[in-house]
Number of protein chains: 2
Amino acid sequence: MSTRSSGLSGLTSARQVGRLAPVRRTSTVDLIADRLREAVVDGSLPPGAALGEAELAFQLGVSRGPLREAMQRLTAEGLLVIPRRRGLAVRTMTPEDVRDIHWLRARIEPELGRRILARPIAERKTVLAELGTEVKRMQRALKKDDARALGDAYLDFHRGLAAWGGSIRLARMMATLLIETRLCTFSMYEHFEVAVDLVPEHVAFVDALAAGDAERFETLMCAHLDAEVRRLLAEPVAAKVDDTDRLLAETPDEPQPLDRLDLPEGI
Amino acid sequence: MSTRSSGLSGLTSARQVGRLAPVRRTSTVDLIADRLREAVVDGSLPPGAALGEAELAFQLGVSRGPLREAMQRLTAEGLLVIPRRRGLAVRTMTPEDVRDIHWLRARIEPELGRRILARPIAERKTVLAELGTEVKRMQRALKKDDARALGDAYLDFHRGLAAWGGSIRLARMMATLLIETRLCTFSMYEHFEVAVDLVPEHVAFVDALAAGDAERFETLMCAHLDAEVRRLLAEPVAAKVDDTDRLLAETPDEPQPLDRLDLPEGI
DNA sequence: GAACGTAGGGTTGTCAACAACTGAACACAT
DNA sequence: ATGTGTTCAGTTGTTGACAACCCTACGTTC
């Protein structure tokens, strides 16, 4: 009997034997979109930088068609800006964006603790283990003074939170919001910086969850997001080359007409 | 002096004279995406219907390129599903989606009252006037037993709420959530139906806002969304042709592997 | 009679070429 | 010197065509 084929523990060995898992074939557009998101997250496509699509397509080894389709996706997510006939640019986040993003996160993330604690005890343990791992990653990164790694672990921690929150739509939205949070860092700071407070804050999250205290989790999360905004906005924007704003300006230099609240692109 | 050129009231006459408003040129992709969204909202692209892209492109009078780009946008918004090589299909909403959507709305909309009431008094009056207009539209529609018109006014009411809530991201997200709500109706009911309770519920919203009572607004909104879910799920799904599910199924008929929460497409 | 293998129609995914547009540089007139 | 008009290179927006692929239906074999 190969009913317990691999040595993996309970969770992953739930896969049936004798029935092959379907081959996961993602479309080219998916792949490109993922690649672009990665590039945005790791900073190889910095905010405001205007890349030509021919160049990008060549780098990715695809033609312009699929690339353009992927670009539209990231545009819908609000990560990219496509000014008419001027190539693409990664969105530059303004202080207003920082507040906007964190306000939205504050509507959602505090509630996630409750949702996770509402899950069956077995799953709950898994979640806690996963989140604990991310916190350890953060601690290691802090010790090595590796701001990049710290940031990545931070992303994964909150991604996990959203994924286990149980809502497809929410997870998708949070994924975007987190990338945008990263973009805020890029837009506000010159370089990655290690925020020392970050780690104890996240240790406290896991503690609260382990104690089953949704209330405390909620409070902590609100405080964390609040602190995050202050950290991001404390650093003056300095003299950054803020190309996106200029590119975004469909309205040359006229103050936005007040009678129409129009979203930058589509929707 | 033509400083007050038109007879319009204070709000819109804020436009400067002697300086022309810039010509608003939206890209073709934007136009197509808008058109598609419209078609989804008004039901001319019903959930599950599988249209060929050549046919669609012909109808819209564009070539397949821009159409495909627009499709990617709607896909990112979660309104469309693009199974590999099988055309496009409007997403069919399941009962789980109904709960998901309304849970998310319940995180956001109750808070909007507070945000609107926090605005300067002048704006507040404008908002109330606008929302009042929508409610009147709803009342007229109810009197004429016009479910379609009622639904449209409902959408505009909540769109307005989100727009005046003051967050770009939130307005965008809510716009999508509202279209999805409409899709829920299409997916659950055979035809539009007039929900009689809807109108008094919305009258109460405006009343609460007029009274400056954010607390009451919050309670009312939660109750409304709750009722909405019950209304939608009360109707048994009946024997609907549910094509999307079959198309969506990347995994032929194996129960979702538990170790990976994977979103249907991209992100 | 059921399952397998095979051909056909039609659709999508990708590509490369063309046309339209933009921004910058330069010359010229006021 | 400032501003206007023109030219030009480079880029994007759009299109049509080709190849790859999926689904269906039919014929064949056991």
Colleague: Please check: side-chain N/O of Arg148(A) versus main-chain N/O of Asp42(A), any donor-acceptor pairing under 3.5 Å?
Modeller: yes

Colleague: Let's see if you can work this out: which of dT12(C), dC22(D), dG23(C) has an atom nearest to the side-chain heavy atoms of Arg86(A)?
Modeller: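 Looking only at side-chain atoms, Arg86(A) lies closest to dG23(C).
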
Colleague: For the pair Leu170(B) and Trp103(A), evaluate side chain to side chain contact (heavy atoms under 4.5 Å, CB included) and give the outcome as yes or no after the intermediate values.
Modeller: CA-CA 10 Å; Leu170(B) 182 136; Trp103(A) 179 77; 3.2 Å; yes

Colleague: How close or far is atom P of dT11(D) from atom CE of Met71(A), stated in whole angstroms?
Modeller: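 After rounding, the gap between these two atoms is 14 Å.
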
Colleague: State which of dT12(C), dT15(D), dC15(C) makes the closest approach to the side chain of Ser63(B).
Modeller: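 Nearest to the side chain of Ser63(B) among the choices is dT15(D).
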
Colleague: Measure CD1/Ile82(A) against C1'/dG13(D) and give the value in whole Å, please.
Modeller: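 The answer, rounded to whole Å, is 12 Å.
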
Colleague: Check the distance between dT11(C)'s C1' and Phe58(B)'s CZ and give it to me in whole angstrom.
Modeller: 17 Å

Colleague: Starting from P on dT11(C), measure out to CZ on Arg64(B) and report it in whole angstrom.
Modeller: 10 Å

Colleague: Side chain of Pro66(B), heavy atoms from C-beta onward: which of dT15(D), dT12(D), dC23(D) has the nearest atom to it?
Modeller: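 Output: dT15(D).
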
Colleague: In whole angstrom, what separates Glu69(A)'s CD from dT12(C)'s P?
Modeller: 12 Å

Colleague: Whole Å only: how far is the CD atom of Glu55(A) from the P atom of dG10(D)?
Modeller: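 Interatomic distance, CD of Glu55(A) to P of dG10(D): 15 Å.
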
Colleague: Between dG10(C) atom C1' and Glu53(B) atom CD, what is the distance in whole Å?
Modeller: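 Interatomic distance, CD of Glu53(B) to C1' of dG10(C): 13 Å.
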
Colleague: Once you round it to whole Å, what is the distance between P of dT11(C) and CG of Leu67(B)?
Modeller: 14 Å

Colleague: Report the residue (Arg85(A) or Gly65(A)) whose heavy-atom-nearest nucleotide on DNA chain C is the more 5′ of the two.
Modeller: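 Closer to the 5' end of DNA chain C: Gly65(A).
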
Colleague: For the atom pair CG (Asp34(B)) and CD (Glu38(B)), what is the distance rounded to the nearest 0.5 Å?
Modeller: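 Rounded to the nearest 0.5 Å, the CG-CD separation comes to 7.0 Å.
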
Colleague: Ignoring backbone atoms, test whether Arg68(B) places a side-chain nitrogen or oxygen under 4.0 Å from the OP1 or OP2 oxygen of dG13(C).
Modeller: yes

Colleague: If I take atom CZ from residue Arg169(A) and atom OG1 from residue Thr176(B), how far apart are they, to the nearest 0.5 angstrom?
Modeller: 10.5 Å

